> 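Quick one: structure below, then a few questions.
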Amino acid sequence: MEMNRHRLGLSTRWIATVASIWIQCSCGSSYTFSIYSSVLKSTQNYDQSTLDTVSVFKDIGANAGVLSGLLYSSVTLNSSTFLGPWVVHVAGAIQCFLGYFLMWASVVGLIHQPPVPLMCLFMFLAAHSQTFFNTANVVSGLENFPNYGGTIVGIMKGFLGISGAILIQMYDTLCKGEPSTYLLMLALLPTLVSLVLMFLVRIYEATTADDKKHLNGFSAVALSIAGYLMILIILENIFTLPLWARISTFILLLILVVSPLGIAIKALRDDSNRSLQKYSIETNLLTDNAEQITSPKFSTAEDPIEYHQLASGDSKVKGTSDDKMLLNEEQLNLLQAMRTVNFWMLFIAMICGMGSGLATINNMSQIGESLNYTTTEINSLVSLWSIWNFLGRFGAGYVSDYFLHTRGWARPLLMAFTLATMTAGHIVIASGFPGNLYVGSILVGICYGSQWSLMPTISSEIYGVRHMGTIFNTIAIASPVGSYIFSVRVIGYFYDKEASGEDDSCSGTHCFRLSFFIMASVAFLGFIVAVALFFRTKRFYQLVVLRRLRHALK
């Protein structure tokens with residue numbers, strides 16, 4: 001089977017990347033809770049508070065990925081050649097199917113109405129599966145392209161970010177108005193896609209030739225899909241598209257999703273041509289060396305290989321102190337990482353950035369209503385958030401790679417910049433001027449998405465790739481923790497305090513002004529922490545990360 005895959009060109013990191021992209025496109029179901037929440041509420045006789053409780057377990061499941069990280073580390077560090085990232089995909093597929101299938105069964109009456117704690121478990125399993133798919137795809141991608149970690153993490157996180165919009169387009173085309181059928185689709189689609197493609201997602205020996213060129217191709221496809229989805233979302237909120245138009249636009253979307261395969265085929269062709277050229281050069285060198293050996297003019301003193309060996313040995317002596325730093329800082333496990341100051345600085349920065357960003361989108365509808373935005377405008381804002389989220393995820397990874405390679409800037413500097421911009425975004429929303437939500441949601445959405453590609457990449461560079469899955473998933477817990485603090489203890493508290501009337505509603509800029517000024521202050525605290533992290537890791541990036549990159553790209 002392995003030999004057949006190799007002959008077909010399937011055992012390459014380019015095909016692995018395409019398989020990971022397709023899995024990422026199918027597994028962002030946690031972003032589409034609003035589609036089936038109403039049918040869940042009505043069929044299970046839930047009040048709003050109970051539905052919110054179920055939703056909390058969705059957020060916990062989608063962000064608590066420590067188990068997926070531990071499983072990935074155990075199967076990839078195992079000496080067995082049979083085990084690999086596919087084991088993590090299987091674990092995710094099982095949870096995805098069980099969670100959504102049991103929710104669907106309870107909604108359509110196939111099983112008796114489960115108690116609320118059991119429904120919370122179903123929701124947790126369904127959302128938790130996303131962390132397994134994501135961990136396997138992100139970490140294996142980073143191991144396959146270690147010199148462009150920001151770019152590959154941005155691509156994977158970006159496709160996950162727009163997967164919710166892709167799934168919504170599928171729902172609108174295939175089963176619009178039937179949210180119970182959509183639940184069954186969520187049970188089957190990510191499960192089948194991951195099981196079919198999981199053996200293609202593997203770790204390969206990394207090379208450096210033309211990686212950036214073809215990764216840029218994947219990036220261009222991601223941007224094209226995001227732009228296409230943005231146009232569709234805007235059109236759908238203005239016009240009512242007929243069925244034939246929905247089918248046509250969905251087919252075009254599928255073609256765009258499949259298009260990364262063409263980039264992978266081109267990369268395989270380039271790799272094959274490069275291998276032939278390398279073989280030809282090596283053959284010519286062997287012939288030349290043979291002629292030199294038989295020539296009386298040949299002298300070992302003139303052999304350039306001896307010179308390079310001495311130079312290499314000399315560089316090893318010079319690099320001894322740097323190697324000690326590399327060994328001390330890299331390849332730490334979770335417990336070792338948690339004993340470092342850098343870990344907790346990252347965690348605090350993510351509470352400030354991810355937490356306040358997630359709280360913003362969770363309350364976008366109420367904010368819009370209080371500022372007298374129309375239902376169409378609010379729906380557009382909520383739908384377009386996934387696009388801004390994608391641009392942040394993809395853009396931060398790409399831009400941080402560019403500045404790291406060309407200017408030598410450590411990634412925490414870009415994290416500080418995005419948190420400073422998020423501070424401005426919260427202030428814009430708090431100000432209440434006409435159109436403030438459009439400007440504010442763009443700023444906060446892009447900066448929120450940025451954290452999801454910067455944090456995993458920084459974690460891999462500081463602590464190494466070996467236990468990266470466990471470490472970055474532990475730091476990601478900061479997202480639901482921060483969201484709970486800012487949504488419930490800040491936004492909810494001050495909204496209820498300002499609310500008046502029989503329905504406890506609030507209208508005007510005062511409803512959320514103080515809450516967003518507080519979140520702006522929190523984001524600014526995250527900016528200060530990120531700046532401190534930048535100065536703490538600046539020397540490490542110069543001595544270890546940049547040296548490794550320059551060595552690999554020679």
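All values derive from a computational prediction rather than experimental measurement.
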> Under the ring pair (Phe, Tyr, Trp, His ring centres under 6.0 Å) rule, collect the residues that match up with Phe347, sequence neighbours excluded.
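Per chain and number, Phe347 pairs via ring pair (Phe, Tyr, Trp, His ring centres under 6.0 Å) with Trp344.
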> How would you list, by chain and number, every residue that makes a ring pair (Phe, Tyr, Trp, His ring centres under 6.0 Å) with Phe159, sequence neighbours excluded?
none
> Can you tell me if Tyr100 and Thr191 form a side-chain donor-acceptor pair at under 3.5 Å?
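Distance-only check fails for Tyr100 and Thr191.
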> Can you confirm whether Ile21 sits close enough to Met156 that some side-chain heavy atom of one is under 4.5 Å from a side-chain heavy atom of the other?
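They are in contact (side-chain heavy atoms under 4.5 Å apart), so the answer is yes.
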> Would the number of heavy atoms belonging to other residues, nucleotides or ligands and lying under 6.0 Å from CZ of Phe343 be above 12?
yes
> Leu229: which residues meet the side chain to side chain contact (heavy atoms under 4.5 Å, CB included) condition with it, sequence neighbours left out?
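Testing Leu229 for side chain to side chain contact (heavy atoms under 4.5 Å, CB included), a comparison that skips the adjacent residues, returns Ile162, Ala165, Ile166, Gln169, Ile225, Leu253, Ile387.
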> Taking only residues two or more places apart in sequence, or in another chain, which ones meet His128 in a ring pair (Phe, Tyr, Trp, His ring centres under 6.0 Å)?
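Phe124, Phe132.
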> Below 6.0 angstrom between ring centroids: does that apply to Phe394 and Trp452?
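No - the distance between ring centres of Phe394 and Trp452 does not fall below the 6.0 Å cut-off.
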> Parallel, tilted or perpendicular: which one describes the rings of Phe403 and Trp409, with boundaries at 30° and 60°?
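Rings of Phe403 and Trp409: parallel, as their planes differ by under 30°.
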> I'd like to check Leu160 versus Gln130 (side-chain heavy atoms, cut-off strictly below 4.5 Å). Are they in contact?
yes
> Under the ring pair (Phe, Tyr, Trp, His ring centres under 6.0 Å) test, which residues partner Tyr31, sequence neighbours left out?
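So Tyr31 forms no ring pair (Phe, Tyr, Trp, His ring centres under 6.0 Å) with any residue.
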> Does a side-chain heavy-atom distance below 4.5 Å link Asn389 with Ile446?
no
> Is the closest side-chain heavy-atom distance between Thr17 and Ile155 below 4.5 Å?
no
> Side chains of Tyr448 and Thr360: donor-acceptor distance under 3.5 Å anywhere?
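Their side chains do not contain a donor-acceptor pair, so the 3.5 Å distance test is not met.
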> Side chain to side chain donor-acceptor pair (under 3.5 Å) with Asn362: which residues, sequence neighbours excluded?
Ser483
